[in-house]
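Have a look at the structure below before the remarks.
Bear in mind the structure is a predicted one, so any value in this text is a computation, not a measurement. Chain naming here is simple, since letters A, B, ... match the order of the sequence lines and numbering starts at 1 in each.
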Amino acid sequence: MAFENKFIQQRIEKAEALRAEGINPYSNDSKRNTTIEKYMNVNSDIAEKEEKRDEHRHYIVSGRIKFFRIMGKASFIKIEDESGMLQVYVTRDNLAEGFYNTVFKKLVEVGDIVEVSGFPFVTGKGELSLHCSEFKLLTKAIAPLPEKFHGVTDKEIRYRKRYLDLIMNNEVRKTFQIRSKVISLTRRFFEDKGFLEVETPMMHPIAGGANAKPFVTHHNALGVDRFLRIAPELYLKRLIVGGFEAVFEINRNFRNEGMDATHNPEFTSIEFYWAYKTYKDLIEITKEYFQYLFEHLNLPTLLPYGEMEVNFENLTELPLIESLTTVGGVPAEVVNEKEKIVEFLNSKNITVKPGMNLGQLQGELFDEFVEDKLIDPTFITEYPVEISPLARRDDKNPAITERFELFIAGREIANAFSELNDPIDQYERFKGQGEAKEAGDDEAHEMDEDFIDALSYGMAPTAGQGIGIDRLVMLLTNEHSIRDVLLFPAMKPVHTEERQEEA
RNA sequence: GUCUUGUUAGCUCAGCUGGUAGAGCACGUCACUUUUAAUGAUGUGGCCGAUGGUUCGAAUCCAUCACAGGACACCA
């Protein structure tokens with residue numbers, strides 16, 4: 001089964017031949033004393049020297065062989081480490097007697113990880129290289145790498161074997177470096193603002209905090225089912241009740257739903273809750289957060305995304321109802337009348353479920369005519385209460401809530417509101433959800449009595465927000481599939497025949 | 001979930017209306033001490049995604065299935 005491929009067989013034989021030569025094909029005797037990036041920087045002066053070399057300098061560099069060019073008694077190879085690629089000039093006469101012909105030329109190949117030492121020089125074609133005086137194999141690769149020019153482009157291979165993708169496609173590494181920076185900058189930003197990072201359970205007795213189908217697992221010792229969390233919200237709010245005034249959590253949520261370019265069953269979000277603040281403060285901190293990210297990631301404020309260009313200096317606020325007419329082009333006399341909205345939607349060949357209330361219909365108008373036109377960052381505010389079950393009502397206008405959603409490049413990036421902290425109101429809303437669940441809505445919330453208990457002790461007025469990190473990274477890296485910003489995206493199993501045999 | 005396109009050598013891809021498979025890279029052998037996807041010569045390499053069907057004959061036509069990409073629907 002394993003290793004049966006003829007190319008792999010061939011390379012296993014080479015590994016054995018190396019052992020016969022007294023060379024360990026999996027040596028851990030690494031003496032590396034610099035990275036390729038540092039080597040290139042430190043030796044950038046060589047090009048200005050008359051002799052184009054400095055034999056008094058000596059470096060040991062390691063990396064994977066990406067190119068192998070033999071020209072008789074001399075060779076050029078290119079090795080790559082995490083920091084960059086370096087050309088190495090290897091000659092027969094600079095290595096130990098016989099090594100070049102019997103080992104280097106015969107038993108070393110593209111994909112192997114090696115360590116070379118020597119001095120810096122610049123080739124006739126002007127490339128800063130390393131003149132090799134000692135060559136050591138560190139790790140023999142028994143699987144051949146994909147083709148050196150086209151690399152691996154098959155998305156299925158790239159997602160399933162991300163390590164190969166990372167070896168072959170440099171820009172992929174950059175995407176994930178940016179992702180890592182986004183997360184670490186996010187953490188630092190909120191810590192600097194006085195937020196406390198917390199970790200709440202991922203295994204919930206009741207899956208709450210969002211409308212979504214949970215994954216179910218089983219706890220043997222307790223004999224109970226547990227749900228992988230769909231959102232950390234209800235636990236974070238318990239912490240506000242407990243007296244923490246600013247908390248955040250960056251971690252995974254799990255939703256047992258479909259997969260596509262913007263949905264993975266597990267995804268990363270940041271949720272943060274801030275006592276004694278309202279959604280207006282959240283708008284301000286969100287603006288600051290984006291400014292902080294752009295500054296530290298050195299991103300242009302005119303950010304390209306696909307065909308679009310997003311202007312991050314043009315952040316605006318817009319009430320939802322107003323956006324329907326100004327952005328969506330919906331006639332003003334339509335937007336506040338149920339019948340007229342249905343009529344209008346029908347005239348555009350959009351059918352709506354019967355019995356939708358005004359807020360839902362306005363939401364429908366927004367989705368159809370406004371959302372994908374919001375290219376520059378736009379905080380849509382004053383959401384109808386009917387489509388905002390967790391948000392606090394506006395004190396002056398009970399039809400709308402203290403909420404915003406942030407849209408960028410035609411997509412929702414963040415959702416935030418002043419939190420509902422009236423325990424009785426919350427209880428009633430849970431009850432309504434319970435009835436919806438009985439009626440067949442398997443995404444409806446379940447009653448969380450402990451959460452009601454918590455609110456009963458009093459939660460300070462609080463504003464809370466969630467940002468989808470994966471989608472944010474997509475935006476910042478100009479990627480259009482969530483799978484391109486997840487190191488190991490969810491994939492269906494492949495070996496169906498084997499599975500059936502085992503079963 | 002629906003529609004649609006794809007799956008041929010380790011990788012990237014040809015293979016037309018059916019006649020038992022082809023290139024480049026990689027790999028083997030040879031030549032070559034400043035190359036840049038090195039070059040030149042030569043050779044090895046395949047159950048054409050799986051299972052059925054049509055046919056004298058299937059990589060090619062049909063059906064089902066699997067996986068993947070894209071679009072739409074739902075959601076973050």
**Item:** Under 3.5 Å: donor-acceptor pair, side chain of A:R92, backbone of A:Y100
**Value:**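 Looks like no, no N/O pair under 3.5 Å.
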Side-chain (A:Y39) to main-chain (A:L86) donor-acceptor, under 3.5 angstrom
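No; judged by distance alone, with no hydrogens or angles, the pair does not exist.
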Would you classify [X] as touching base, sugar-phosphate or nothing, given that sugar-phosphate means primed atoms plus P, OP1 and OP2, and contacts are heavy atoms under 4.0 Å?
X      : answer
A:K106 : sugar-phosphate
A:I467 : nothing
A:R158 : nothing
A:M168 : nothing
A:K14  : sugar-phosphate
A:K73  : base
A:G124 : base
A:Y89  : base
A:G151 : sugar-phosphate
A:R411 : nothing
A:N256 : nothing
A:F121 : base

Measure from the side-chain heavy atoms of [X] and tell me the nearest of [options].
X      : options                : answer
A:F67  : B:rA68, B:rU34, B:rA38 : B:rA38
A:M71  : B:rC11, B:rC32, B:rC74 : B:rC32
A:T123 : B:rU35, B:rC25, B:rG69 : B:rU35
A:E127 : B:rU35, B:rA68, B:rA38 : B:rU35
A:R53  : B:rU34, B:rU36, B:rC11 : B:rU34
A:K148 : B:rG28, B:rA68, B:rC25 : B:rC25
A:D93  : B:rU12, B:rU34, B:rU33 : B:rU33
A:E147 : B:rG24, B:rU34, B:rU33 : B:rG24
A:P144 : B:rG10, B:rU35, B:rU12 : B:rG10

Upstream residue (5' side of RNA chain B) when A:R11 and A:T153 are each assigned their closest nucleotide =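 In this pair, the answer is A:T153.
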Should the side chain of A:D260 and the base of B:rA73 be counted as holding a donor-acceptor pair, with the cut-off at 3.5 Å?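 Pair found.
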Got a donor-acceptor pair under 3.5 Å from the side chain of A:Q87 to the base of B:rU35?
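Donor-acceptor pair under 3.5 Å: yes.
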Item checked: Between A:S269 and A:N253, a side-chain donor and acceptor under 3.5 Å ->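 Side chains of A:S269 and A:N253: pair found under 3.5 Å.
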Checklist entry - Any luck finding a side-chain donor-acceptor pair between A:R403 and A:N415 under 3.5 Å? => result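 The answer is yes; a qualifying pair exists.
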Under 6.0 Å between the ring centres of A:F190 and A:Y289?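 Between A:Y289 and A:F190, which both carry aromatic rings, the centre distance is below 6.0 Å.
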- Message: Quick check, does A:F7 stack with B:rG10? I mean ring centres under 5.5 Å and planes off by under 30°.
- Response: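 Check failed, A:F7 does not stack on base of B:rG10.
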Q: Is it possible for you to check whether A:R179 lies under 6.0 Å from the centre of the six-membered ring of A:F176, through NZ or CZ, and within 45° of that ring's axis?
A: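 Pair A:R179/A:F176 does not count as cation-pi.
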